[in-house]
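All values below come from the heavy atoms of this structure, side chains included, with hydrogens, waters and symmetry mates left out.
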Amino acid sequence: MISGTITESDETDEDWKSQTYVVEVREGFQYLFDLTALDGDVVGVWSPDLGDYIIEVSPSVTTRSVPYVFSEGGKQELFIQSPAPHVPSPFTFKIWSPR
C-alpha cells in the first residue's frame, strides 16, 4: 500500500498535479485497484496503457475498488493525480492480485 500526498511541488500535467509510480504487471492478468482520498479530494490513477483513468474518487465517493486488466505486461507507469487547486491531496493506493 502506498500512502502519500500530492503537493504543489509535484509534476504538473495541464491543470493536474501528479506523482508517478512504476509497477511490474503481467499482460492479461486481473489486478484490483483500491484508492482512497483521505481529505475527500478528487484523486485518480491515470494509465497510459488505457489512455484514461483506471480509478477515480471524489468528494461524494472517497473510496473505490475496481478490477483492471493490463493489455501489455512489464513495467507500467501509473500517475496518481489531483486537480492543482485541490492540493495538498493525501491518498492511499493499493494494486494487488486476487489470485
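- Scanning for side chain to side chain donor-acceptor pair (under 3.5 Å) contacts around S65 gives D34, with sequence neighbours left out.
- Summarising the geometry of T62 relative to G40, their closest heavy-atom pair is CG2-CA, 3.7 Å, with the distance given to 0.1 Å.
- Side chain of S89 to main chain of H86: a donor-acceptor pair is present (N/O by atom type, distance under 3.5 Å, no hydrogens or angles).
- For residues 70-80, the pairs satisfying side-chain hydrogen bond (donor to acceptor under 3.5 Å, both in side chains) are D49-S71, with sequence neighbours left out.
- In this view, D13 and Q81 satisfy the side-chain contact (heavy atoms from CB on, under 4.5 Å) rule, not counting sequence neighbours.
- Ring orientation note: the planes of Y53 and W46 are nearly perpendicular, at an angle over 60° on the 30°/60° scale.
- In terms of the side chain to side chain donor-acceptor pair (under 3.5 Å) criterion, S3 has no residue partners (sequence neighbours excluded).
- Counting side-chain heavy-atom gaps under 4.5 Å among Ile, Leu, Val, Met, Phe, Trp and Tyr, the cluster of Y31 also holds I2, I6, Y21, V23, V25, F29, F33, L35, V43, V45, L50, I54, I55, V57, V66, Y68, F70, L78, I80, V87, F91, F93, I95.
- A donor-acceptor contact closer than 3.5 angstrom links the side chains of K17 and T12.
- Looking at residues two or more places apart in sequence or on another chain, you find a side chain to side chain donor-acceptor pair (under 3.5 Å) between T63 and T36.
- With sequence neighbours left out, P85 forms a side-chain contact (heavy atoms from CB on, under 4.5 Å) with P83.
- Hydrophobic cluster of L38: no remaining members, since no ILVMFWY side chain lies below 4.5 Å from it.
- More than 12 non-hydrogen atoms from other residues, nucleotides or ligands lie less than 6.0 angstrom from CD of E24.
- Between Q30 and S97, the shortest heavy-atom contact is O-OG, 4.1 Å.
- When hydrophobic side chains of Ile, Leu, Val, Met, Phe, Trp and Tyr are connected at separations under 4.5 Å, W96 ends up clustered with L32.
- Remark: T5 engages no residue in a side chain to side chain donor-acceptor pair (under 3.5 Å) (not counting sequence neighbours).
- Heavy atoms of other residues, nucleotides or ligands lying less than 6.0 angstrom from CG of D15 number 12 at most.
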